[in-house]
Structure formats: structure tokens, C-alpha cells
Visitor: 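If you scroll down you'll find the structure; I have some questions about it.
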Amino acid sequence: MSDQSLQDTGVVEIWHLEEGWGTIALDHAELTVWVHFSHIVAGPTEYRSLTPGRRVRCHYEVPGQDGYPARAVEVTTL
């Protein structure tokens with residue numbers, strides 16, 4: 001994780017299971033964060049995936065990726 005990252009909590013808006021990416025709506029910053037499955041914190045035998053509506057803690061950086069204003073660098077489910 002980058003020392004430059006910002007942090008907030010939020011809710012998973014969209015998750016594309018087949019493609020392994022989605023978006024998170026942050027609680028305190030008016031940003032939509034792009035997230036890739038490789039940035040989800042999971043145990044060694046856990047599948048890295050998210051579910052729409054799930055609450056998460058998100059470390060992110062600006063600028064984003066693929067047209068989104070911010071990009072997640074670490075996501076942990078709450």
C-alpha cells in the first residue's frame with residue numbers, strides 16, 4: 001500500500017465477478033473509487049471478491065483509473 005493513499009469507508013456499488021472489478025461509493029469523500037480484485041485483502045484460501053451493498057474500508061489514491069476519479073490500493077470488508 002502506498003504511503004500517499006487516503007482512507008475512508010464506503011459501500012460496494014457495482015461488482016463485475018467475471019471481470020474482477022467494481023466500484024465503491026465512499027462515505028465521507030464525494031468520490032467513486034475503482035477497485036480491482038487484486039487489491040482486496042483476503043486470507044490465503046479466501047476468494048477475492050466483493051458483493052454490491054457490502055460495507056468496506058478503502059485505502060485509495062487520486063487520480064483514478066478507467067475514467068473514475070480514484071483508485072483503490074487496499075480494500076477490507078467490514
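Keep in mind that this is a model prediction, so the values were computed, not measured.
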Visitor: Following the transitive rule for hydrophobic clusters with a side-chain heavy-atom cut-off under 4.5 Å over Ile, Leu, Val, Met, Phe, Trp and Tyr, establish whether L78 and I40 coincide in one cluster.
Guide: no

Visitor: Compare every heavy atom of S49 with every heavy atom of L17, then report the nearest pair and how far apart it is.
Guide: CD1-OG, 3.5 Å

Visitor: Grab the two heavy atoms, one from A70 and one from V62, that are nearest each other, plus how far apart they are.
Guide: CB-CG2, 4.1 Å

Visitor: So how far is it from Q7 CD to H28 NE2, rounded to the nearest 0.5 Å?
Guide: 11.0 Å

Visitor: Can you confirm whether E30 is buried at CD, in the sense that more than 12 heavy atoms of other residues, nucleotides or ligands lie under 6.0 Å from that atom?
Guide: no

Visitor: Between E74 and H39, is a side chain to side chain donor-acceptor pair (under 3.5 Å) present by the stated rule, with each step listed?
Guide: CA-CA 5 Å; E74 182 179 283; H39 295 267; over 6 Å; no

Visitor: Drop me the distance from T76's OG1 to R55's CZ, to the nearest 0.5 angstrom.
Guide: 13.5 Å

Visitor: Can you say whether the rings of H16 and W21 are parallel (under 30°), tilted (30 to 60°) or perpendicular (over 60°)?
Guide: tilted

Visitor: May I ask whether L6 and V11 are part of the same hydrophobic cluster, defined by side-chain heavy atoms of I, L, V, M, F, W, Y residues being less than 4.5 angstrom apart, directly or through others?
Guide: no

Visitor: Hydrophobic clusters here meaning ILVMFWY residues chained together by side-chain heavy-atom distances under 4.5 Å, can you tell me if W34 and Y60 are in one?
Guide: no

Visitor: State yes or no: do I24 and L31 share one hydrophobic cluster built from I, L, V, M, F, W and Y residues joined by side-chain heavy-atom distances below 4.5 Å, directly or via other members?
Guide: yes

Visitor: Same hydrophobic cluster for F37 and V41, using side-chain heavy-atom links shorter than 4.5 Å among ILVMFWY?
Guide: no

Visitor: For the CD1 atom of I14 and the CG atom of L50, what is their distance to the nearest 0.5 Å?
Guide: 12.5 Å

Visitor: Measure from the side-chain N and O atoms of R71 to the backbone N and O of Q65, and report whether any donor-acceptor pair falls under 3.5 Å.
Guide: no

Visitor: Will you find, in the side chains of T51 and W15, an N or O donor that is under 3.5 Å from an N or O acceptor?
Guide: no

Visitor: Checking side chain to side chain contact (heavy atoms under 4.5 Å, CB included) for the pair Y68/V33: CA distance, chi angles, key distance, verdict?
Guide: CA-CA 6 Å; Y68 293 97; V33 178; over 6 Å; no

Visitor: Assess whether a salt bridge exists between D8 and R57, defined as any Lys/Arg side-chain N lying under 4.0 Å from an Asp/Glu carboxylate O.
Guide: no

Visitor: Quick one: are C58 and L26 in side-chain contact, heavy atoms under 4.5 Å?
Guide: yes

